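Before any comments, here is the structure.
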Amino acid sequence: MATRAERRLPGWRLLVRHLGFEEVSSQVLEFALVIPAIATIFVGTFWIGRVFMVYQNITRAAREGVKYAVLTNCAGCGNSLPDSTDVETNYVNPVLTSGGLIPANVTNYNQVTEWLENSSPQQCGVKISFTYPAQLYVPFTTWNSTINISTSVQMRLENQSSGGTCP
C-alpha cells in the first residue's frame, strides 16, 4: 500500500521511485557532466604533445642546418661558408619533411655568422633561427589557435680565424 506522500506523486514519478531509477538517473547525469571534462583533458594532452613534437622537430632541423653551415669547404676553394639558401634547402627542409612538417610554413628564417653569445673566450659561429606555426585545439572550448613556435641554434665555426674579425 502506497504511503500518503507517495500517493501525491504523479504516476511516472511513483513508477521511477519504485523501480529504483532515481539512483540510475543521477549516475547518468554525473556521467554526462564528467565525460566532457575527461575528454577535454585527454585530447588537450594529445595536442600539447603534438606542439612539443613540432618544437622538437624544428629544433632538430635547425641543429642539422647549423651543423652543416659551420663546416667550410675545401681549403683550396678559399674556405668559404655555405650560403643560407643552400643550408635551408638541402639540410633544414628535408629534416622538417621527415618530421611530417611542411617547410613552406617556416617564417622568419635567419642564418647569420656572428660572435656567439655566452662563449668564453669569444668565438665566431653560425646561428640559425626560424618560426613554425603549430595548431592547438582544445575540445569543447572555443580555444583553437595557432601558436608560433620559435627555435634558435648556434654553433661555433670549426676553423676559427686568427684575426679579430668574424667572417
Side-chain angles (χ1 to χ4, degrees), residues 27-75 77-167:
Q27 290 173 352
V28 169
L29 178 65
E30 290 171 4
F31 181 78
L33 294 174
V34 171
I35 285 301
I38 290 174
T40 300
I41 290 169
F42 284 144
V43 176
T45 302
F46 167 79
W47 282 104
I48 289 172
R50 168 100 171 101
V51 168
F52 185 70
M53 189 242 0
V54 168
Y55 171 74
Q56 292 292 1
N57 280 330
I58 66 172
T59 301
R60 184 172 55 97
R63 202 175 310 122
E64 290 296 321
V66 80
K67 197 163 48 171
Y68 173 74
V70 298
L71 300 175
T72 55
N73 59 10
C74 65
C77 304
N79 282 336
S80 63
L81 296 172
D83 66 342
S84 67
T85 306
D86 180 44
V87 171
E88 183 179 10
T89 304
N90 296 325
Y91 293 91
V92 174
N93 289 350
V95 174
L96 291 172
T97 303
S98 71
L101 303 178
I102 303 167
N105 290 347
V106 169
T107 57
N108 303 327
Y109 183 86
N110 189 19
Q111 176 182 331
V112 294
T113 303
E114 64 185 5
W115 293 108
L116 298 179
E117 304 165 4
N118 303 323
S119 64
S120 179
Q122 194 168 22
Q123 296 179 343
C124 188
V126 176
K127 181 178 181 180
I128 292 179
S129 60
F130 59 89
T131 305
Y132 191 87
Q135 296 291 324
L136 181 62
Y137 298 110
V138 179
F140 307 112
T141 67
T142 58
W143 195 55
N144 300 321
S145 63
T146 300
I147 298 173
N148 289 318
I149 303 173
S150 298
T151 189
S152 178
V153 177
Q154 65 182 16
M155 192 176 288
R156 72 176 182 84
L157 289 173
E158 289 297 313
N159 299 324
Q160 292 288 317
S161 60
S162 58
T165 61
C166 186

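Just so we're clear, the structure is a prediction, and the values are computed from it rather than from any experiment.
- A distance of 11.5 Å separates CD1 in I38 from CG in L33, rounded to the nearest 0.5 Å.
- Rounded to the nearest 0.5 Å, atoms OG (S98) and CZ (R60) are 4.5 Å apart.
- Minimum heavy-atom separation, A62 to T151: CB-CG2, 4.1 Å.
- Taking both residues in full, the closest heavy atoms of F31 and P36 are given as O-CD, 4.4 Å, listed atom of the first, atom of the second, then distance.
- In terms of heavy atoms, V87 sits closest to Q111 at CB-OE1, 3.4 Å.
- For the atom pair CG (N105) and CD1 (I58), the distance works out to 11.5 Å, reported to the nearest 0.5 Å.
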Which is it for N93 and E88 under the side chain to side chain contact (heavy atoms under 4.5 Å, CB included) test, yes or no, and what are the steps along the way?
CA-CA 6 Å; N93 289 350; E88 183 179 10; 3.8 Å; yes
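- To the nearest 0.5 angstrom, N57 atom CG is 9.0 Å from Y132 atom OH.
- What you find for A134 and V51 is that their closest heavy atoms are CB-CG2, 4.3 Å.
- For the atom pair CG of N108 and OG1 of T131, the computed distance is 4.5 Å after rounding to the nearest 0.5 Å.
- Minimum interatomic distance between Y109 and V92 (heavy atoms only, all atoms of both residues): OH-CG2, 4.0 Å.
- When all heavy atoms of L96 and P103 are compared, the closest pair comes out as CD1-CA, 4.1 Å.
- Rounding to the nearest 0.5 angstrom, the gap separating the OG atom in S152 from the CG atom in N110 is 9.0 Å.
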